[in-house]
Amino acid sequence: MITPVLPTYARADLEFERGEGPWLITVDGARYLDFGAGIAVNAFGHAHPHLVAALAEQAAKVWHTSNIYRIPGQERLAQRLVEATFADTVFFTNSGAEALECAIKMARKYHAVAGAPERYELITMEGAFHGRTLATIAAGGQQKYLEGFGPATPGFPQVPFGDLKALKAAIGPATAGVLIEPIQGEGGIRVIPTEDLRRIRDICDEAGILLVLDEVQTGMGRTGKLFAHELAGVTPDIMAIAKALGGGFPVGACLATETAARGMTAGTHGSTFGGNPLAMAVANAVLDLALDRNFLPHVASLGLKFKQKLAMLADQHPRIIESVRGEGLMLGLKCRVTNTDLVQALRAEHMLTVGAGDNVVRLLPPLIIEESHLDEAMEKLSRACAALETSLDAETKKTGAAQ
Ligand SMILES: *Cc1c(COP(=O)(O)O)cnc(C)c1O
């Protein structure tokens with residue numbers, strides 16, 4: 001019999017009652033070190049007092065009014081995002097996929113209003129993940145997400161990951177732009193090298209097409225920069241963000257230059273909930289924390305320390321971990337065992353992580369962690385690796401005895 005909750009998720013049998021900073025706590029009081037952060041969402045941990053206060057204060061005033069009227073929180077958040085980034089304008093959404101939908105529509109409209117409506121294709125990279133709407137599963141191009149949902153939305157040719165030659169060759173009269181994640185998250189913490197990102201910017205400029213970045217996972221400080229493209233010193237024309245923008249409150253945004261947004265006039269796009277007063281109050285409070293001048297250096301320095309410690313762990317457990325990848329506090333362990341085995345072994349140690357493509361375990365802690373949390377994480381990681389080695393040894397013994 002089908003469960004009342006549509007069974008589209010393979011859930012772990014684990015539930016939490018409350019959270020405190022980087023900890024999630026079960027009804028029984030068991031404390032789990034949360035290095036998944038709700039998939040890079042809870043960047044400021046759980047129950048951060050500043051975010052709780054912002055939500056409660058706004059909740060007592062007004063939750064929702066509609067985009068029929070001016071929304072002061074939107075104007076303030078947009079102004080702050082514009083000041084902090086390449087962008088001149090911002091559209092607010094409720095999720096990452098919707099931010100991408102806006103980005104895709106905007107890129108198409110940009111060419112359409114210039115008299116080239118045939119330019120509607122966005123070239124993507126293999127291993128991409130852009131969300132679960134019909135357009136974004138087509139953009140991601142992963143068969144497992146497209147299967148059974150009818151013809152894929154047209155307009156998303158894909159090239160192999162990191163293959164700039166193929167990317168250049170794929171540009172034609174139908175190309176509107178290039179859509180990529182600076183670091184693939186779901187794809188397995190696969191980093192586009194900074195020199196490649198610069199080259200892609202040049203390729204787009206030479207072809208007169210747009211660079212659209214999906215920073216839904218990499219954005220809001222995760223890599224030690226406010227946005228990952230800053231590591232390469234280039235800027236996109238359009239950028240989708242979400243995840244950490246609300247620290248757990250559902251909110252996303254599509255940021256763009258004035259030129260890229262030239263087709264998006266009144267009536268061309270909209271959302272009932274997007275940018276409502278409640279979401280804006282929380283996202284503005286998130287920005288208070290993210291724009292604090294000590295915040296990004298803290299993420300960058302902890303990220304470096306964590307990566308060094310993980311490299312040592314990989315050296316100590318070569319049968320479990322092949323390599324360490326990523327930037328800032330967006331790190332991945334490429335595994336030699338099945339990645340889900342490591343996720344489970346860590347869960348047994350009361351540490352939460354997230355699996356990803358390419359047999360990687362993602363480490364995405366809240367960005368407010370301290371060095372002591374890294375030490376706790378390393379102890380749990382060591383114990384989990386040792387436990388997996390013990391079971392590998394037991395297996396070897398068994399097969400040896402059977403021969
Ligand atoms: C999570 C994610 C999305 C989709 O966001 P939703 O809020 O789940 O719609 C899109 N792109 C990237 C890179 C993501 O990590």
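Only this structure's heavy atoms are used, side chains among them; waters, hydrogens and symmetry mates stay out. Both counts, for ligands and for their atoms, begin at 1 and track the order of listing. For this chain, numbers begin at 1 and follow the sequence in order.
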Which atoms of ligand 1 have any heavy atom of Asp214 under 4.0 Å away? 10 (C), 11 (N), 12 (C), 13 (C)
Sub-4.0 Å atoms of ligand 1 with respect to non-hydrogen atoms of Gly131: 4 (C), 10 (C)
Is Lys243 touching ligand 1 with its side chain, its backbone, both, or neither, if touching means heavy atoms under 4.0 Å apart? side chain
Show which atoms of ligand 1 fall inside a sub-4.0 Å distance from at least one heavy-atom site of Ser95. 7 (O), 9 (O)
Any N or O on Glu98 sitting closer than 3.5 Å to an N or O of ligand 1? no
Using a 3.5 Å distance criterion without hydrogens, assess whether the side chain of Asp34 forms a donor-acceptor pair with backbone atoms of Met351. no
So which atom in Ala170 and which in Val159 form the shortest heavy-atom distance, rounded to 0.1 Å? CB-CG1, 3.9 Å
Counting only heavy atoms closer than 4.0 Å, does ligand 1 sit against the backbone of Ala97, its side chain, both, or neither? both
Candidates Thr133, Val216, Ile183; heavy atom nearest atom 3 (C) of ligand 1 found on Val216
Minimum-distance protein heavy atom relative to atom 7 (O) of ligand 1: Gly96 N, 2.8 Å
Under a 4.0 Å threshold between the charged nitrogen and the carboxylate oxygen, would Asp375 count as salt-bridged to Lys380? no
With a 6.0 Å cut-off on the ring centroids, do Phe35 and Phe306 count as close? yes
Give a yes or no answer on whether the side chain of Arg119 reaches the backbone of Ala174 with a donor-acceptor pair at less than 3.5 Å. no
Does this structure show an ion pair linking Glu75 with Arg70, if we count only N-O contacts that are shorter than 4.0 Å? yes
Does any donor atom in the side chain of Glu186 or Gln142 lie under 3.5 Å from an acceptor atom in the other side chain? no
Mind checking whether Glu181 contacts ligand 1 via backbone (N, CA, C, O), side chain (CB onward), both or neither, at a 4.0 Å heavy-atom cut-off? side chain
By number and element, which atoms of ligand 1 are closer than 4.0 Å to a non-hydrogen atom of His130? 10 (C), 11 (N)
